2 protein chains.
Amino acid sequence: MASEGNSEEVSNRQVILKEYVSGFPQESDMTLITSTIKLHVPEGTSGVLVKNLYLSCDPYMRGRMGIVKGFFFDPFTPGSPIIGRGVSKVLRSRHPDFKEGDLVYGMTGWEDYSLIAATQNIYKIQDTDLPVSYYLGILGMPGLSAYVGFHYLCCPRKGEHVFVSAASGAVGQLVGQFAKLSGCYVVGSAGSKEKVDLLKNKFGFDDAFNYKDELDLDTTLKRYFPEGIDIYFENVGGKMLDAVLLNMRMRGRISVCGMISQYNLEQPEGVCNLTSLVYKQIRMEGFLVSEYYNTYPKYLETVLPYIKEGKMEYVEDIAEGLESAPAALIGLFAGRNVGKQVVAVARD
Amino acid sequence: MASEGNSEEVSNRQVILKEYVSGFPQESDMTLITSTIKLHVPEGTSGVLVKNLYLSCDPYMRGRMGIVKGFFFDPFTPGSPIIGRGVSKVLRSRHPDFKEGDLVYGMTGWEDYSLIAATQNIYKIQDTDLPVSYYLGILGMPGLSAYVGFHYLCCPRKGEHVFVSAASGAVGQLVGQFAKLSGCYVVGSAGSKEKVDLLKNKFGFDDAFNYKDELDLDTTLKRYFPEGIDIYFENVGGKMLDAVLLNMRMRGRISVCGMISQYNLEQPEGVCNLTSLVYKQIRMEGFLVSEYYNTYPKYLETVLPYIKEGKMEYVEDIAEGLESAPAALIGLFAGRNVGKQVVAVARD
């Protein structure tokens, strides 16, 4: 490729996983080191060398920080950089689909520069009218998760009552907006007043509450859903799920996108009200968005106009600098992020 | 109607619920009393007067013995007879669809004779070649439950691996046989050596185990399903479900017919492994067979030939006499029944 002329060596900061984590992860489980990298794609290979611009912090990454039985991704390698989704700029390419200057999103390393051999996991960004970090959120995996989990698994009908937990997060804020666009009544829960205000004032939820202010979630849900819940979009698990099960309506649907409250527990909480599944004929279904990637082009066709016409909003929480990445990732599990958590490594 | 001539008064034994039950029900929660009844349908009504032949003991009846939040049936009335499914002979009728001597099945009282006003809940037995008590089992609600829960909810494919709990019970024994007829590999669990032998030798399960002999159900399931479970037909809940969740395969289906291990607990057991729903994209769905009654004629067309051609077996546990009904019902929750529990009140 033409872009292979220059192969200067540059400094490359990397966020390394020190060792496997059990229980609640800490910033100190990761460390920032500085090595060097040649801005060069080895001859005889077909990879790309990218400069990372934005990195994505996603709850599923907790599962890769340790050995989790049955987890759908391999664990990270201690001593190596964290791997996650990112938006990057191509500096060098030996692959015909990518050229110098292209913006791409997909799996990359938590470092300034990455040599990506697995180009099947990166995609060229075609539409650059919107903030490119959106490809880590509304225009990427979390967006498709919200769409698939809500529309395909829950089959919403106009007028149905929808509850979303972790509702201001990367996925939840979109589920609420998809629910409103489908003519549903939607209530969200989140963990701070600021987030609750966002839900009501920015994302158009009909109502919202701070679960940390509530003594008894069953009573809370009865207050917000006196006639019960038709659709629950599950992001948290544990106590919230138990309370929701008591408040579902007949033939309710629960889409299980994640259970963030459980990921750091040595022993997960028990969910006691599963007999409701029988009494109320509830369908509860987990999904991995990776199984639905074939629907992504159709999703983009749907959602790009929504954003450009102002029918959907998206809120990101952008941490500045690679050095802030460990705190940003850990912050997800304490709910410190307000909106989709992204790390800005470089602006271009 | 012609059959309304004779209205003699006869003695009528009744099994009465004394008061609402909480926790594990006891025989002493019910009592046998003797009253009288006129063999007569009051003028101006359109009911039937029946002699009860067989009464059905079903786990869901536990839910009617107390106040269970969200339960799909009203509770029984303390001081009145238990209500359940039965096979009965019509002695008097003022309804055009029923005549003296007809055999019917449907909701009746736990007593020698019942005046049934709600004739929409009884059905005339058309095919009397088989034991009529089968209308409380393979030809009735449990049979349709097994068929719907397995075929409609689990969508079995040939070669898939199926696990059935409470597998020798009224429903479980049929699920196993439907699974074999669908070309699946099927393993059942039950609570005694006698039941395990039945599963393997009578019902054609590929394998079976006594859960009471197992120290760790996760290990047990790994032994019987080294490659995992595609379909779980859930009758018990609690610890078994937790172990199953760890052993499901990707895109597994769980049909939740009941959770008998939980019905008598003041505080249900917690199920801890629900994150598997996400990791393995599992669909878990509860159902009430009453929602599928429209499919019953088609079910009968399927299953009657199976029985007559010897392709399916059915095992009943018949308790003799109305006086044995309380013990028979309570016995369900201790697993004392071997096969479908029925009470024979009279043979004709």
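None of these values were measured; they are calculated from a predicted model.
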* So which part of E234(B) gets closer than 4.5 Å to some heavy atom of chain A, the side chain, the backbone, both or neither? ->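 The answer is neither part of E234(B).
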* Which portion of R253(B) sits near chain A, non-hydrogen atoms under 4.5 angstrom ->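 Neither part.
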Only pairs of heavy atoms separated by less than 4.5 Å count here; which of [options] has the most with chain A?
| options | result |
| --- | --- |
| L288(B), N273(B), I282(B), V256(B) | L288(B) |
| M250(B), R251(B), Q267(B) | R251(B) |
| L277(B), V68(B), V278(B), T275(B) | V278(B) |

* To do: Heavy atoms only, distances under 4.5 angstrom: which of L241(A), L274(A), V271(A) has the most pairs with chain B? Name it, please.
  =>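 Among the listed options, the one with the most contacts to chain B is V271(A).
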* Asked: Taking Q262(A), K280(A), M259(A) one by one, which has the highest count of heavy-atom pairs under 4.5 Å against chain B?
  ->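 Looking at each of Q262(A), K280(A), M259(A) in turn, M259(A) comes out on top.
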* **Where P268(B) and C272(A) come nearest, the two heavy atoms and their spacing** =>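 Looks like CB-O, 3.3 Å.
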* Asked: Using non-hydrogen atoms only, which part of Y263(A) is less than 4.5 Å away from chain B: side chain, backbone, both, or neither?
  ->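 The side chain, not the backbone.
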* Mark yes when over 12 heavy atoms from residues, nucleotides or ligands other than Q120(B) sit less than 6.0 Å from its CD; otherwise mark no. =>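 Correct, the count exceeds 12.
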* Asked: Hey, is NZ on K222(B) packed in by over 12 heavy atoms from elsewhere, all under 6.0 Å?
  ->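 Yes, the 6.0 Å shell around NZ holds more than 12 heavy atoms from other groups.
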* Inter-residue atom distance E285(B).CD - Q281(A).CD, 0.5 Å rounding ->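 Between atom CD of E285(B) and atom CD of Q281(A) there are 8.5 Å.
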* Asked: Taking the six-membered ring for Trp, are F71(B) and Y279(A) parallel (under 30°), tilted (30 to 60°) or perpendicular (over 60°)?
  ->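 It falls in the perpendicular class, over 60°.
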